[in-house]
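In what follows, chains carry the letters A, B, and so on, assigned in the order in which the sequence lines appear, proteins first and then strands, with residues in each chain numbered from 1.
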There are 2 protein chains.
Amino acid sequence: MTRMTRQRAAVAEALDQQDEFRSAQQLHEVLRARGDSVGLATVYRTLQTFADAHEVDQLRNADGEVLYRRCERVEHHHHLVCRSCRRTIEIDGPTVEAWAAKVGAAHDFTDIDHTIELWGICKDCRG
Amino acid sequence: MTRMTRQRAAVAEALDQQDEFRSAQQLHEVLRARGDSVGLATVYRTLQTFADAHEVDQLRNADGEVLYRRCERVEHHHHLVCRSCRRTIEIDGPTVEAWAAKVGAAHDFTDIDHTIELWGICKDCRG
DNA sequence: CGATTCATGAGAACGATTCTCACGCTTGAT
DNA sequence: ATCAAGCGTGAGAATCGTTCTCATGAATCG
Ligand SMILES: [Mn+2]
Ligand SMILES: [Mn+2]
Ligand SMILES: [Zn+2]
Ligand SMILES: [Zn+2]
């Protein structure tokens with residue numbers, strides 16, 4: 001049902017080149033710089049498709065922009081992101097997973113989902 | 001430095017009437033319905049001012065809209081929000097506070113800030 | 001090789017939020 | 001109370017990330 005196209009391959013490749021979270025527009029610029037011509041609308045659509053398929057992670061920065069990243073681990077996890085350079089550490093948090101589930105159940109809420117992201121300044125950015 | 005105006009008093013009063021998180025536009029509509037004429041730009045500015053002063057909490061829904069709420073407790077806390085009716089439970093989470101601080105320190109990040117929000121469906125909305 | 005149908009892209013549209021700037025009102029001093 | 005100073009206000013324009021439109025292109029499959 002999802003066709004393989006030059007554009008999707010290019011977006012996937014551009015994503016793999018990145019270590020940090022990037023916005024759709026940043027990735028569009030990366031593609032342009034690489035010489036891959038991909039429409040901005042297609043970049044947005046493709047990233048959304050990847051996200052729906054859990055092939056990329058997405059989060060919002062403080063400005064509300066959506067950022068995307070292809071993470072190492074495919075299993076559920078969270079992130080510790082440098083506010084300055086966006087360097088990202090993937091966090092495995094059984095402690096908070098259990099906490100979130102317990103809190104939800106304690107208040108009789110179901111279908112619990114959680115947004116847990118840590119932001120800070122990394123060592124390199126402290127200079 | 002911050003002056004008391006009819007508009008700010010009206011926004012504060014409208015906020016106090018709400019139990020759930022509301023967007024600036026929703027609050028603007030609440031004010032209009034109450035007969036308080038306050039410009040939309042002023043509602044946005046006032047909410048931002050309140051948020052900066054930690055007088056209201058703010059978070060983003062899945063669509064990226066910013067929602068505001070005057071919470072019971074003024075101390076740092078998190079929220080469990082119903083995706084359907086936005087009913088909100090204020091969460092006190094020493095467990096996650098410690099976890100967040102520990103994770104940040106373990107990776108040599110400073111100025112750690114965390115975004116932790118729980119979403120679910122409340123008992124009434126399951127009905 | 002077709003036929004089918006999903007994918008693409010340029011530009012328009014959208015929508016939340018912010019900006020502009022002339023005018024009004026709060027404030028603190030007189 | 002009066003008044004000057006300057007913060008606050010609001011209507012509308014502007015911003016900007018994201019989505020939509022729709023005619024055209026390309027993957028897929030028999
Ligand atoms: Mn989790
Ligand atoms: Mn916390
Ligand atoms: Zn950094
Ligand atoms: Zn509910």
Side-chain angles (χ1 to χ4, degrees), chain A residues 1-15 18 20-53 55-69 81 83 86 115 117, chain B residues 1-15 18 20-53 55-69 81 83 86 115 117:
Chain A
M1 191 191 286
T2 42
R3 298 178 177 177
M4 181 47 55
T5 64
R6 172 183 66 79
Q7 290 87 343
R8 285 182 182 167
V11 171
E13 212 170 308
L15 269 170
Q18 310 303 310
E20 294 86 28
F21 274 92
R22 301 292 185 203
S23 69
Q25 310 217 25
Q26 284 179 319
L27 287 164
H28 181 244
E29 177 54 28
V30 167
L31 287 164
R32 202 192 56 69
R34 285 168 44 111
D36 290 319
S37 172
V38 180
L40 180 57
T42 298
V43 173
Y44 272 105
R45 272 186 300 236
T46 302
L47 289 171
Q48 193 53 63
T49 299
F50 285 172
D52 290 345
E55 287 172 29
V56 302
D57 284 4
Q58 63 185 155
L59 55 79
R60 281 177 194 279
N61 67 12
D63 292 333
E65 286 175 298
V66 179
L67 306 181
Y68 302 86
R69 180 176 190 265
V81 186
R83 269 189 298 268
R86 288 191 182 164
T115 300
E117 304 296 348
Chain B
M1 193 188 283
T2 41
R3 298 178 176 176
M4 181 48 54
T5 64
R6 172 183 66 78
Q7 291 86 344
R8 285 181 182 169
V11 171
E13 211 170 308
L15 269 170
Q18 310 302 311
E20 295 86 26
F21 274 92
R22 301 291 185 201
S23 69
Q25 310 220 24
Q26 285 179 317
L27 286 164
H28 181 245
E29 176 54 29
V30 167
L31 288 163
R32 202 192 56 69
R34 284 169 46 109
D36 290 320
S37 173
V38 181
L40 179 57
T42 298
V43 174
Y44 272 104
R45 273 185 300 237
T46 303
L47 289 171
Q48 193 54 62
T49 300
F50 286 172
D52 290 345
E55 288 172 28
V56 301
D57 284 4
Q58 63 186 157
L59 54 79
R60 281 177 196 278
N61 66 14
D63 293 333
E65 285 174 299
V66 178
L67 306 180
Y68 302 86
R69 181 175 189 267
V81 185
R83 269 190 297 268
R86 288 190 181 166
T115 300
E117 304 296 348

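Under the side-chain hydrogen bond (donor to acceptor under 3.5 Å, both in side chains) test applied with A:Glu29, the options A:Gln26, A:Gln25, A:Arg32 reduce to a single match, A:Arg32.
With distances taken from any side-chain atom of A:Arg45 to the nucleotides D:dT18, D:dT21, D:dG10, the minimum falls on D:dT21. Residue B:Tyr44 places its side chain closer to C:dA16 than to any other of D:dT9, D:dG12, C:dA16. The side chain of B:Thr46 sits closest to D:dT9 out of D:dG10, D:dT9, D:dT28. Listed nucleotides D:dG10, C:dT27, D:dC20 differ in distance to B:Gln7; the shortest reach to its side chain belongs to D:dG10.
Atom CG of B:Asp36 and atom CG of B:Leu27 lie 12.0 Å apart (nearest 0.5 Å). Within the model, atoms CZ of A:Arg86 and CZ of A:Arg22 stand 7.0 Å from one another, a figure rounded to the nearest 0.5 Å.
Backbone-only engagement by A:Ser37 is indicated by non-hydrogen atom pairs under 4.0 Å involving sugar-phosphate atoms exclusively.
Nearest-nucleotide assignment on DNA chain D puts the 5′-proximal partner with B:Val43, out of B:Val43 and A:Gly64. The residue among B:Met4 and B:Arg60 whose nearest nucleotide of DNA chain C is located toward the 5' end is B:Arg60.
If you take CD of A:Glu29 and C1' of D:dG17, they are 16 Å apart, rounded to a whole angstrom. Atom CG of A:Asp36 is separated from atom P of C:dG9 by 11 Å (rounded to the nearest Å). When the P atom of D:dG8 is taken as reference, atom CG of B:Leu40 falls 18 Å away, rounded to whole Å.
OP1 or OP2 of C:dA7 has not a single side-chain nitrogen or oxygen of A:Thr42 nearer than 4.0 Å.
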Using side-chain contact (heavy atoms from CB on, under 4.5 Å), reason through B:Arg8 and B:Thr2 one step at a time and then give a plain yes or no.
CA-CA 10 Å; B:Arg8 285 181 182 169; B:Thr2 41; 3.9 Å; yes

Stepwise, does the side-chain contact (heavy atoms from CB on, under 4.5 Å) test hold for A:Thr42 with A:Val11?
CA-CA 9 Å; A:Thr42 298; A:Val11 171; 5.7 Å; no

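On a pure distance criterion of 3.5 Å, no polar donor-acceptor pair joins the side chain of B:Arg6 and the base of D:dG8.
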Reading nucleotides 2-7 of chain D from the 5' end, what letters show protein touch, with B for base, S for backbone sugar-phosphate only, - for no heavy atom under 4.0 Å?
----BB

